[in-house]
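Scroll down for the structure; my scribbles are underneath it.
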Amino acid sequence: MSPRGVFLHNLRIGSLGRAGQLDAARQLFDRMPTRDTVSWNAILTAHWQNSDLEGSKRLFDSMPQRNTVSWNSIIAGCLENARPDEALDYFAKMPLRNVASWNAIVSGLVKYGRFEEAERLFVAMPARNVVSYTAMVDGLARKGEVDRARDLFDRMPKKNAVSWAAMISGCVENGRYEEARYLFDRMPEKNLAAITAMITGYCKEGNVEQARSIFNGIRHKDLICWNAMMAGYVHNGHGEEALKLYIQMQNTGMKPDHATLIAVVTACSALGLLQGGKRTHAFAIKTKLLLNVSLCNALITMYSKCGCIGDSQFIFQNIQNRDLVSWNAIIAACSQHGDYDNVLSLFSEMEEKGMIPNEITFLSILSACGHVAKVEECLNWFNLMMSKYRIHPRAEHYACLVDMLCRAGHLEKACKYIREMPYEAETSAWGAVLAACRMNSHVKLGELVAKKLILSDSRTSGAYVMLSNIYAAAGMWREVVKVRGLMKQNGAKKQPGYSWIQIADKVHLFSVGDASHPDIDKILSELERIGFHMKMFSHYANLSL
DNA sequence: TTAGGGTTAG
């Protein structure tokens with residue numbers, strides 16, 4: 001085989017590998033009468049690019065000759081396929097390292113959150129280039145040390161657009177939107193990565209309009225900026241906008257990836273669109289995108305929120321490499337469905353598998369206790385979380401606890417916890433007390449709490465409505481009128497509550513006192529039947545609202 | 001042959 005023939009074959013093997021056609025690449029490689037080191041490197045890379053790291057390792061071991069690129073490729077393969085320790089192993093054994101080897105290992109460690117090791121190697125590097133500095137800026141920012149990242153960024157001997165984008169996104173990730181804007185305005189040549197980071201920043205600030213206007217200004221939109229805009233809509237509660245954008249994106253011929261589908265599935269779960277969620281699930285199976293763990297996690301939540309806990313469990317059972325989020329998602333699903341026993345068994349199962357629970361795991365457990373009125377258990381978990389797992393309770397954990405105590409009628413104890421908590425009492429915690437005051441006719445305490453709430457936020461209607469309900473429950477009608485007057489005077493508006501359900505592609509929307517639905521008679525009689533059923537099972541519905 | 005933007009859980 002001529003040197004030129006070998007050269008062309010090598011190129012072809014590389015492009016087949018990148019295109020996901022490992023078998024074709026392998027055939028081409030096997031049929032080559034003569035091969036050089038580049039051919040071996042190309043086929044080695046093709047294997048790990050198609051999730052066959054073991055194949056790459058076998059090739060690496062049987063190679064007649066290895067150069068630095070071979071070592072760099074096997075290291076990259078380990079890092080791409082979640083094997084950072086094996087990457088470190090190869091790195092240690094390498095006879096000759098170049099800047100790319102060092103950069104690969106530093107950025108790889110950053111990717112797996114191993115910041116200290118990354119920094120140690122960055123310091124030990126014999127020579128650094130723009131890539132090394134940018135990787136470290138990214139690492140420091142991800143670690144939450146934005147000031148140090150910024151310091152390194154300012155001291156970098158040379159910057160390019162990638163470095164700027166990394167710094168801007170670091171600011172956005174840590175909520176420093178003002179600084180992100182400042183840098184973006186001074187960035188010499190704005191690339192799409194930086195623009196996308198700004199879109200995300202504006203969305204995180206809640207300013208979707210500004211984000212959308214930047215998005216609209218992008219001439220050549222790539223998949224990632226579409227994804228960023230869609231995710232931004234979803235996080236701000238504009239699921240319909242996200243879905244509209246999804247259709248627009250497909251109309252441009254852009255093919256969705258797993259991140260796109262995550263946004264779509266999350267939008268479907270927020271809107272309760274089971275059919276849309278199922279369609280996306282089917283699409284993910286067809287396109288092999290279901291292999292992505294995060295997408296599976298989103299599907300667990302979607303099915304659970306749409307009432308199909310069995311499907312959530314099915315997805316969970318079939319995930320190959322479950323992460324902490326998968327466990328949290330399924331525990332939350334069981335918690336929302338009132339299945340305390342399953343929550344317990346899942347928790348012990350995850351511990352057996354060596355998965356360490358985090359604050360969100362405990363939030364689900366605490367709220368599961370609340371759903372089935374297990375007061376003692378709730379307090380035990382709360383203490384266990386602090387003592388054994390060293391997790392400091394957040395305001396939300398307190399809210400769970402307070403809510404639970406209130407439902408069980410332990411108002412004094414609930415107030416004690418509220419006073420004890422090291423945070424400004426969140427509206428939700430006091431709201432729970434207020435709701436309990438109405439149930440238990442504690443007018444005095446209710447007044448106290450409501451006044452506190454109204455003082456902190458006079459424009460939200462919740463506290464007024466609750467207080468007036470407390471008065472109404474106690475028959476104090478004069479006070480009811482007074483509170484309603486005060487509410488009007490302070491300009492607090494009550495948001496009308498809507499609920500909706502999707503049946504066979506049609507969404508049916510309802511609001512209070514709304515009788516416009518064509519089947520309203522049937523609906524009301526079904527509601528009556530369910531209400532009767534609930535009473536039979538002693539879920540007493542309090543109708544004094 | 002190394003660096004950047006989007007991704008899940010309450």
Side-chain angles (χ1 to χ4, degrees), chain A residues 41 45 67-73 75-76 79 97-108 110-111 125 128-139 141 156 159-170 172-173 190-201 203 218 222-232 234-235 256-266 269 289 292-302 304 319 322-333 335-336 357-368 394 396-397 399-400 428:
Chain A
N41 289 346
T45 307
N67 59 16
T68 307
V69 176
S70 329
W71 286 91
N72 286 351
S73 171
I75 288 172
L79 292 169
R97 304 179 187 109
N98 62 13
V99 197
S101 333
W102 285 93
N103 288 346
I105 204 80
V106 167
S107 64
V110 165
K111 184 178 159 192
M125 279 178 82
R128 297 177 197 96
N129 61 12
V130 199
V131 179
S132 337
Y133 280 99
T134 306
M136 202 58 237
V137 165
D138 178 44
M156 278 173 75
K159 298 181 192 51
N160 60 19
V162 179
S163 331
W164 281 88
M167 191 63 240
I168 290 170
S169 123
V172 166
E173 212 154 279
K190 299 170 178 51
N191 61 1
L192 197 43
I195 295 170
T196 307
M198 291 308 290
I199 289 178
T200 302
C203 288
I218 303 173
D222 68 356
L223 181 59
I224 298 181
C225 74
W226 281 99
N227 289 348
M229 193 63 236
M230 284 173 55
V234 173
H235 289 144
D257 72 350
H258 59 278
T260 324
L261 298 195
I262 287 169
V264 173
V265 168
T266 313
S269 49
L289 291 171
N292 180 271
V293 193
S294 301
L295 179 54
C296 291
N297 297 343
L299 281 168
I300 291 176
T301 305
M302 187 279 293
S304 160
I319 300 178
R322 294 174 196 144
D323 61 8
L324 178 58
V325 178
S326 320
W327 288 93
N328 284 350
I330 192 69
I331 288 177
S335 163
Q336 281 152 7
N358 68 356
E359 69 270 18
I360 289 167
T361 320
F362 283 101
L363 209 49
S364 298
I365 295 176
L366 293 178
S367 87
R394 297 201 314 223
E396 290 99 320
H397 295 99
C400 261
S428 59

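Note that the structure is a prediction, hence the values are computed from the model and not measured. Lettering of chains follows the sequences in order, A, B, ..., and the numbering in each one begins at 1.
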Practice problem: Could you list the residues that satisfy side chain to side chain contact (heavy atoms under 4.5 Å, CB included) with A:I360, not counting sequence neighbours? | Solution: A:N328, A:N358

Quiz prompt | Donor on one side chain, acceptor on other, A:S335 and A:S364, under 3.5 Å | solution = no

Quiz item: At under 4.0 Å between heavy atoms, what does A:H235 touch on the DNA or RNA strands: base, sugar-phosphate, or nothing?
Solution: sugar-phosphate

Practice problem: Shoot me the first and last contacting nucleotide of DNA chain B against chain A, ordered 5' to 3', at under 4.0 angstrom to non-hydrogen atoms. | Solution: B:dT1 to B:dG10

Quiz prompt | Face-on cation placement of A:R97 at A:W71 ring, 6.0 Å and 45° thresholds | solution = no

Quiz item: Which part of the nucleic acid, if any, lies within reach of A:A332 when heavy atoms closer than 4.0 Å are counted: base, sugar-phosphate only, or nothing?
Solution: sugar-phosphate

Quiz prompt | Side-chain donor or acceptor of A:S304 paired with backbone N/O of A:I300 under 3.5 Å | solution = no

Practice problem: Select base, sugar-phosphate, or nothing to describe what A:T45 touches, counting heavy atoms under 4.0 Å on all strands. | Solution: sugar-phosphate

Practice problem: Indicate, with a heavy-atom threshold strictly under 4.0 Å, whether A:A193 touches base, sugar-phosphate, or nothing. | Solution: base

Quiz item: Using a cut-off of 4.0 Å on non-hydrogen atoms, how would the nucleic acid contact of A:D222 be classed: base, sugar-phosphate, or nothing?
Solution: base

Practice problem: Pick base, sugar-phosphate or nothing for A:S73, based on heavy-atom distances below 4.0 Å to the nucleic acid. | Solution: sugar-phosphate

Exercise. Would you mind classifying the nucleic acid contact of A:A100 as base, sugar-phosphate or nothing, using non-hydrogen atoms under 4.0 angstrom?
Key: base

Quiz item: Using a cut-off of 4.0 Å on non-hydrogen atoms, how would the nucleic acid contact of A:E359 be classed: base, sugar-phosphate, or nothing?
Solution: nothing

Quiz prompt | A:T266 and A:M302, any side-chain heavy atoms less than 4.5 Å apart | solution = no

Practice problem: Could you tell me whether A:R394 contacts a base, only the sugar-phosphate backbone, or nothing, with contacts defined as non-hydrogen atoms closer than 4.0 Å? | Solution: base

Practice problem: Verify the distance criterion only: is there a donor paired with an acceptor across the side chains of A:D323 and A:N297 at less than 3.5 Å? | Solution: yes

